[in-house]
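Working notes, beginning with the structure itself.
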Amino acid sequence: MPESPYFPHPTRLTDDHLKIFFERDAVLVARDLIGFDLNVAGCGGPIVETEAYRPDDPASHTFRGPTQRNRAMFGPPGSVYVYRSYGIHWCLNFVCLPGSAVLIRALEPRLGLATMQARRNSIDPRQLCSGPGKLCAALDIAIGLDGLLLDTPPFALTSAEPATTATGPRIGITKNAEMPWRFGLAGSPYLSRRFP
DNA sequence: CGGAAGATCCTCT
DNA sequence: GAGGATCTTCCGG
């Protein structure tokens with residue numbers, strides 16, 4: 001069972017908490033984030049699926065050093081990195097140690113359900129945020145939020161008690177694909193995919 | 001400067 | 001389960 005005894009739960013994370021929690025190995029942060037509540041301008045819910053990316057990882061955007069696109073991944077711990085995926089979708093990451101980040105892959109849509117349903121053109125809660133691109137569409141996340149801190153609007157992040165997590169290989173990558181750096185809330189119906 | 005690959009999603013079969 | 005949409009990024013030449 002993961003432990004994150006850095007502050008009591010639930011805590012709405014402010015600057016001190018962000019540094020304490022995110023200035024760590026992205027793999028640990030990815031695991032500990034499961035269950036944390038993400039609120040983006042009144043929409044969101046508990047995070048149920050994450051993936052870790054590190055600079056020593058060929059699958060990471062930072063593997064070959066800083067570029068224009070990935071510069072936010074070298075920003076302060078607890079800021080966000082937003083990038084375009086396949087020319088169509090946006091993906092949201094939380095920055096950890098320099099050059100590392102956690103991809104937010106899915107959450108349980110709880111707050112602002114009607115707004116998210118309208119943005120996604122879907123009614124089924126299981127279809128709203130069950131994937132990194134879907135999640136950004138539902139929460140209206142785009143490049144304009146790149147680099148912002150998680151304790152500033154439109155973001156708010158609230159901690160939660162450690163959850164029982166499932167672990168497995170990351171999704172949709174070809175390099176370093178065997179590393180088990182995907183984490184999920186065990187048994188959640190809001191995952192992008194089941195765990196093996 | 002060209003081109004291939006890409007941390008995805010939707011539709012159709 | 002396969003294939004297409006769609007376009008930015010980055011690397012090689």
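Residue numbers start from 1 in every chain, and the chains themselves are labelled A, B, ... in the order their sequence lines are given, proteins ahead of strands. No hydrogens, no waters, no symmetry mates; every other heavy atom, side chains included, goes into these values. Everything numeric in this text was worked out from a predicted model, so none of it was measured.
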Watson-Crick and G-U pairing of DNA chain C written in dot-bracket, each distance under 3.5 angstrom, with | for inter-strand partners = |||||.||||||.
Under 3.5 Å, is there a donor-acceptor pair between the side chain of [X] and the main chain of [Y]?
X	Y	value
D146(A)	I143(A)	no
D151(A)	L13(A)	no
R31(A)	T165(A)	no
R105(A)	E49(A)	no

Does NZ or CZ of R24(A) fall inside the cone over F21(A)'s six-membered ring, less than 6.0 Å from its centre and within 45° of the axis?
-> yes
Mark yes or no: R110(A) above the aromatic ring of Y190(A), with NZ or CZ under 6.0 Å from the six-membered ring centre and no more than 45 degrees from the axis.
->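 Pair R110(A)/Y190(A) does not count as cation-pi.
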Report the residues that fulfil salt bridge (charged side-chain N to carboxylate O under 4.0 Å, His left out) with D140(A), sequence neighbours left out, ordered by chain and then residue number.
-> none
Between which nucleotides of DNA chain C, 5' to 3', does chain A make heavy-atom contacts below 4.0 Å?
-> dA5(C) to dC11(C)
Do nucleotides 8-13 of chain B as a string where each nucleotide becomes B, S or -: B if the base has a protein heavy atom under 4.0 Å, S if just the sugar-phosphate does, - if no protein is that close.
-> BSS---
List in numerical order all residues of residues 50-74 of chain A for which some heavy atom is under 4.0 Å away from an atom belonging to DNA chain B.
->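 Output list: Y53(A), A59(A), H61(A), M73(A).
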Give, ordered by number, those residues of residues 174-191 of chain A having at least one heavy-atom distance below 4.0 Å to an atom of DNA chain B; if nothing qualifies, reply none.
-> T174(A)
